[in-house]
Structures are given as structure tokens and as C-alpha cells.
Amino acid sequence: MSEFDTKEYLSKLNKYWNASNYLSAGQLYLLDNPLLKRGLRKEDVKRKIVGHWGTIPGQTFVYTHLNRIINKYDLNMFYISGPGHGGNAIVSHVYLEGSYSEIYPNISLDERGMKNLFKQFSFPGGISSHVAPETPGSINEGGELGYSLAHGFGAVFDNPDLIATVVVGDGEAETGTLATSWQSNKFLNPKFDGAVLPILHLNGYKISNPTILSRISEEELVSYFKGMGWDPIIVAGDEAEVMHKEMAKALDKCIEKIKKIQIDARENDKVSRPMWPMVILRTPKGWTGPKWVDGNEIEGTFRAHQVPIDMSGDDHLELLEQWLRSYHPEELFDDEGKLLSELQELAPKGNRRMGANPHTNGGKLLKDLILPDPKLYKVDVEPGVTQKQDMIELGKYIRDVFRLNAHNKNFRIFGPDETMSNRLKHTFETEKRSWMADMKDNDEFLAHNGRVMDSMLSENMCQGWLEGYLLTGRHGFFSTYEAFSRVIDSMTSQHAKWLKVTKELAWRKEISSLNYILTSHCW
């Protein structure tokens with residue numbers, strides 16, 4: 001048994017989880033008195049509580065356990081929050097690991113910094129309530145659901161040592177883009193790409209409705225994911241001690257299976273499509289939060305989704321204080337507000353911290369594309385005689401971009417089964433289509449290590465993959481018919497929103513532009 005599997009270690013892990021939950025609840029509610037050194041007063045609480053609680057404890061639980069496996073296996077891993085509306089969960093963890101204070105010195109690792117951390121959350125002049133560019137370690141805009149898994153795959157293409165752990169909310173899982181994203185495993189090559197570890201978080205509810213995947217039998221749920229090429233491990237319950245043990249076992253199995261798949265591909269040349277592992281985590285919505293408020297059940301119901309205790313009057317002050325004290329902050333932080341040293345040791349160090357992983361600030365890793373001279377592709381036109389097509393000529397240029405950058409492996413093109421119909425046929429003189437499913441002798445241009453991403457008929461997947469690829473420091477473009485480009489209009493808006501905010505953050509390095517080639521014009 002290693003040090004990471006002892007009862008003592010898991011007990012410390014539980015305290016670390018409590019610390020992240022305390023910080024998350026504090027961000028939601030408090031303006032002052034961050035360590036509860038005195039009784040809670042009305043002036044300590046924000047007048048307007050804006051944010052989410054229901055998804056928080058599950059996400060903090062996952063992040064805590066990812067820290068454990070990063071340390072145990074020395075992993076290059078980062079976290080994508082599918083339920084990005086729970087921004088306080090991730091902010092709490094990047095604060096605990098120290099990466100937040102390195103970027104924002106005013107949010108220091110002490111009582112004063114904790115007070116600033118709490119006040120700024122979802123507050124005028126502060127930070128948004130969802131995962132955003134301001135959050136270290138984030139690559140996805142949390143304002144719209146559905147893109148997390150596609151971003152994860154885009155991030156690990158051509159990044160063989162990287163693992164993107166993607167937490168997928170069970171409400172988010174009902175969106176079209178996310179539901180399609182499970183098929184991305186047919187394009188992941190274990191020899192040349194990294195790995196994606198999906199964790200489906202079943203907490204049972206959306207804003208006010210149950211979720212579909214939480215209300216089907218376990219047999220049907222497992223069959224669904226096995227049918228899409230995944231090997232699911234279920235971790236379910238609400239008792240912390242038992243859940244820590246089960247989650248640790250599950251993640252160990254996942255990492256060991258990922259490593260075996262990659263060794264088989266890289267050392268034994270077995271590159272057939274594997275059954276990649278995933279976790280189905282079933283916990284109560286709003287776990288560890290208030291169980292009942294004003295006669296209404298909160299924990300484990302849809303009522304935990306946003307603000308579990310309304311603070312518009314004075315009558316809930318005692319209830320809020322009881323909840324916050326249930327995490328025993330006096331056992332987690334010292335008198336100065338610093339996390340106890342024995343708990344600080346649980347966080348990974350340096351760039352192994354998920355908030356400091358260089359891939360989440362892709363501009364740091366960006367290499368310029370080597371581009372051919374456009375003059376070499378000039379067409380001399382004789383009116384009424386020359387018959388040429390611009391896209392065919394462009395295909396020759398793209399072919400040579402692939403050739404010139406083959407050693408860097410930092411360029412891919414994306415399109416929903418339209419590379420040939422868009423007349424980019426010369427591209428296939430250099431590159432093949434990515435494909436890990438079965439192949440037949442009469443297929444054309446398919447290969448396990450292809451880097452033309454056009455073999456899935458989904459604009460949403462092409463957009464999501466490309467965004468993930470660009471956000472982690474690479475280059476590419478999206479080619480599609482103009483009429484179909486509007487399918488991903490909102491995805492483009494979210495990416496533009498991300499870019500707009502990053503322009504205001506000096507620590508965010510510039511990434512490559514998002515480029516479209518629109519063909520078959522309709523306007």
C-alpha cells in the first residue's frame with residue numbers, strides 16, 4: 001500500500017475537501033468574518049446572493065481526488081468543468097493550491113486574502129459566478145453548457161503526455177454537442193495523442209427538473225456508455241469516508257488502464273481502438289449543504305441548484321452559520337487564515353497543479369506555423385481561357401503547410417465531411433483523415449494517425465475540437481458550407497467572449513486565431 005492509499009491520507013483528503021467546500025460556500029455568501037472567529041452578523045453577508053451551489057461539492061470532490069492521482073502517478077493533467085456555472089468550486093481549489101494568489105497577489109493565502117476572495121465572487125467589480133478566463137487552469141467559457149468534452153479531446157490531440165479530465169454535468173449531458181461528444185473516442189490515437197478521462201457527475205437534477213441519465217436503470221446507463229466505446233466505473237453514495245475510498249480505487253483503475261492502453265500502443269504497436277475508461281459519479285445535489293430550509297428539502301433535490309439558503313431576511317442567519325461551521329474551518333486553517341501545512345502537502349507542486357498547467361494558458365506553448373510563400377501558388381489568368389478553382393489552389397497551399405510543420409505536429413484542419421466537397425483534395429497528398437474505428441479496403445484517405453478532422457458529420461464537434469486545439473497552443477481552421485456554419489453560431493460567440501476577456505488579462509498569453517473558410521455561399 002502506498003502513502004496515497006492509507007486511512008490517514010484519506011482522512012486528510014476529506015479535510016482538504018471540506019476546506020474547498022467551505023471556501024466555495026464562503027464565496028457565495030460572505031463579505032466579512034471569513035474564518036468565523038465571531039458569530040455571524042447581517043453585515044457579514046452579501047445583500048444579493050448570486051451563484052450556484054448544487055454542482056459544487058461534487059466538483060470539489062473530484063478536484064480533490066485528481067490532486068491525489070496527480071501526485072501518486074506524477075501526471076500531466078488539467079481539469080475541465082462542464083457544469084461551469086459552479087465557478088466557485090474551481091476558484092476554491094486553485095486558491096488552495098496557490099496558483100490563484102500567484103496571479104492575483106491581493107487574494108493572498110491568509111485571512112485578508114480569504115476575505116477578498118469571498119467578497120469578489122459574483123460581486124460588482126469582482127469576478128463572475130461561472131468558470132471564466134480569469135480562472136487559472138480553465139480553457140472553457142462556463143457560460144454555456146455542452147462544449148467541455150469536445151474541448152478536452154481537442155486539447156489532447158497531438159499532446160501524448162496530457163490527460164484532460166472532463167467533469168460532465170448530467171444536465172449538460174442532455175445538450176446536443178455533449179451527447180455527440182462521446183463519439184470522439186473514435187478519433188483518439190493512443191500512440192500519438194493524450195487521453196481524456198470523462199467523469200459524468202450524476203447529481204440528479206437540472207434547475208428545476210430531474211435529469212434523464214439519473215432516472216434510468218444502472219443497466220441501461222452502463223449499456224449506453226459501453227455502446228459508445230467507454231468502460232464505465234460507477235462510484236455512488238453520500239457517506240464521505242466510503243466515497244473517498246471508492247473514488248480513490250476508481251481513479252487508480254482509470255489511470256492504470258490509460259497507461260496500459262498507451263504502453264500497448266507506443267511500445268507494442270497496438271493501435272486498435274481501445275475501450276477508454278470513464279467514471280460515473282453519483283452524489284446528492286448540494287451534498288454537505290443544508291438539508292432542509294423552511295420545511296423544504298434542499299440537499300439531494302433541485303432546490304440545491306442555485307442558492308440553498310435565501311438571505312433576504314434575518315431569519316436564516318443562524319442556519320447559514322450552522323452550515324458554514326459544519327466544515328470546521330478552525331480545523332482546516334490556522335489563526336492567520338492559512339491552510340494547515342499538513343493539508344497544503346496534498347496539493348501538487350509547480351506546473352503539476354491543475355491551475356498552473358501550461359496547456360491551460362496555451363499561448364505559452366504556441367509555436368509559429370511555418371508557412372510557404374503564397375506567391376508560389378499564384379495563378380496567371382487569361383480571361384476566357386484559364387479554368388482554375390480557388391479552393392483547389394488553396395488545397396496545394398494547405399498540403400504544404402502540413403509538410404512544413406510535420407515535425408511540430410501543431411496543425412490540423414476541421415470540417416464536417418467536406419474536405420473533398422470543398423475542393424481541398426490536394427491536402428490528402430500529405431495528410432490523411434483521422435479514424436480509429438473499423439476500416440475497409442475501399443475507404444479513402446483514412447488513417448489512425450491522420451490529422452484531417454473531417455470524418456464526423458457534426459459542425460459542433462469540429463468547432464469544439466478546434467477550440468480545444470487552439471486554446472492549448474496550436475493552429476487550425478474550420479472549413480464548411482456557409483449555410484451550415486450557423487449551426488455553431490453560439491459556440492463562436494462563446495469563444496469570442498473568451499478572447500475578449502483574455503485581452504484584458506496580462507497573464508493570459510495570446511493564442512492562434514480561430515479561422516473559418518466558408519464555401520457554397522448563400523448570402
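All heavy atoms count here, side chains included; hydrogens, waters and symmetry mates do not.
Here the CG atom belonging to Asp238 is positioned 8.0 Å from the CE atom belonging to Met243, to the nearest 0.5 angstrom. The CG atom of Leu200 sits 6.0 Å away from atom CG of Leu213, with the distance rounded to the nearest 0.5 Å. Ile70 contributes atom CD1, which lies 8.5 Å from atom CG of Asn76 (distance to the nearest 0.5 angstrom). Here the straight-line distance linking atom CG of Leu28 with atom NZ of Lys46 works out to 7.0 Å at 0.5 Å rounding. Interatomic distance, CG of Asp310 versus CD1 of Ile49, reported as 8.5 Å (0.5 Å rounding).
Residues passing the ring-ring contact (aromatic ring centres under 6.0 Å, His included) test with His201, sequence neighbours excluded: none. Applying the side-chain hydrogen bond (donor to acceptor under 3.5 Å, both in side chains) test to Asp231 and every residue at least two apart in sequence or in another chain returns Lys257. Partners of Ser341 by side-chain hydrogen bond (donor to acceptor under 3.5 Å, both in side chains), not counting sequence neighbours: none found. Under the salt bridge (Lys or Arg N to Asp or Glu O under 4.0 Å) criterion, Glu510 pairs with Lys503, sequence neighbours left out. With sequence neighbours excluded, the residues satisfying side-chain hydrogen bond (donor to acceptor under 3.5 Å, both in side chains) with Glu330 are His328. Residues satisfying the ring-ring contact (aromatic ring centres under 6.0 Å, His included) test with Tyr100, not counting sequence neighbours, are Tyr104. Listed by chain and residue number, nothing satisfies the ring-ring contact (aromatic ring centres under 6.0 Å, His included) test with His359 (two or more places apart in sequence, or in another chain). With sequence neighbours left out, Phe121 forms a ring-ring contact (aromatic ring centres under 6.0 Å, His included) with no residue at all.
Using cut-offs of 30° and 60° for the angle between ring planes, the Tyr22 and Tyr327 rings count as perpendicular. Phe61 and Trp17 have perpendicular rings, their planes meeting at more than 60° on a 0 to 90° scale where under 30° would count as parallel.
Applying the salt bridge (Lys or Arg N to Asp or Glu O under 4.0 Å) definition to pairs two or more places apart or across chains, those involving residues 343-366 are Asp74-Arg352, Glu102-Arg353. Residues in residues 199-211 take part in these salt bridge (Lys or Arg N to Asp or Glu O under 4.0 Å) pairs, two or more places apart or across chains: Glu174-Lys206. Sorted by first and then second residue, the side-chain hydrogen bond (donor to acceptor under 3.5 Å, both in side chains) pairs with a member in residues 219-229 form an empty list; sequence neighbours excluded. For residues 20-42, the pairs satisfying salt bridge (Lys or Arg N to Asp or Glu O under 4.0 Å) are Asp32-Lys115, Lys37-Glu111, Arg38-Asp44, Lys42-Asp314, with sequence neighbours left out.
Between Met461 and Ser181, the closest side-chain pair of non-hydrogen atoms falls below 4.5 Å.
The ring of His151 has its center no closer than 6.0 angstrom to the ring center of His495. The six-membered or imidazole ring of His52 lies away from that of His130, with a centre-to-centre distance of 6.0 Å or more. Trp53 and Trp287 have their aromatic ring centers separated by at least 6.0 angstrom. Checked against the 6.0 Å centroid criterion, the rings of Tyr79 and Tyr63 qualify as a close aromatic pair.
With no hydrogens or angles considered, no side-chain donor-acceptor pair links Glu459 and Ser485 at under 3.5 Å. In the model, Ser493 has no side-chain atom that pairs as donor or acceptor with a side-chain atom of Ser490 under 3.5 Å. For the residue pair Ser92 and Ser24, a side-chain donor N or O sits within less than 3.5 Å of a side-chain acceptor on the partner. A donor atom on one side chain and an acceptor atom on the other are not found under 3.5 Å apart for Ser128 and Glu134. Residues Glu297 and Thr301 have side chains that never bring a donor and an acceptor to within less than 3.5 angstrom of each other.
No cation-pi contact links Arg68 to Phe4, judged by a cut-off of 6.0 Å to the six-membered ring centre and 45° from its axis.
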Can you list the steps and then say if Lys249 with Asp5 is a salt bridge (Lys or Arg N to Asp or Glu O under 4.0 Å)?
CA-CA 9 Å; Lys249 289 178 188 176; Asp5 304 308; over 6 Å; no

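In Lys12, the NZ atom is crowded: over 12 heavy atoms of neighbouring residues, nucleotides or ligands sit closer than 6.0 Å.
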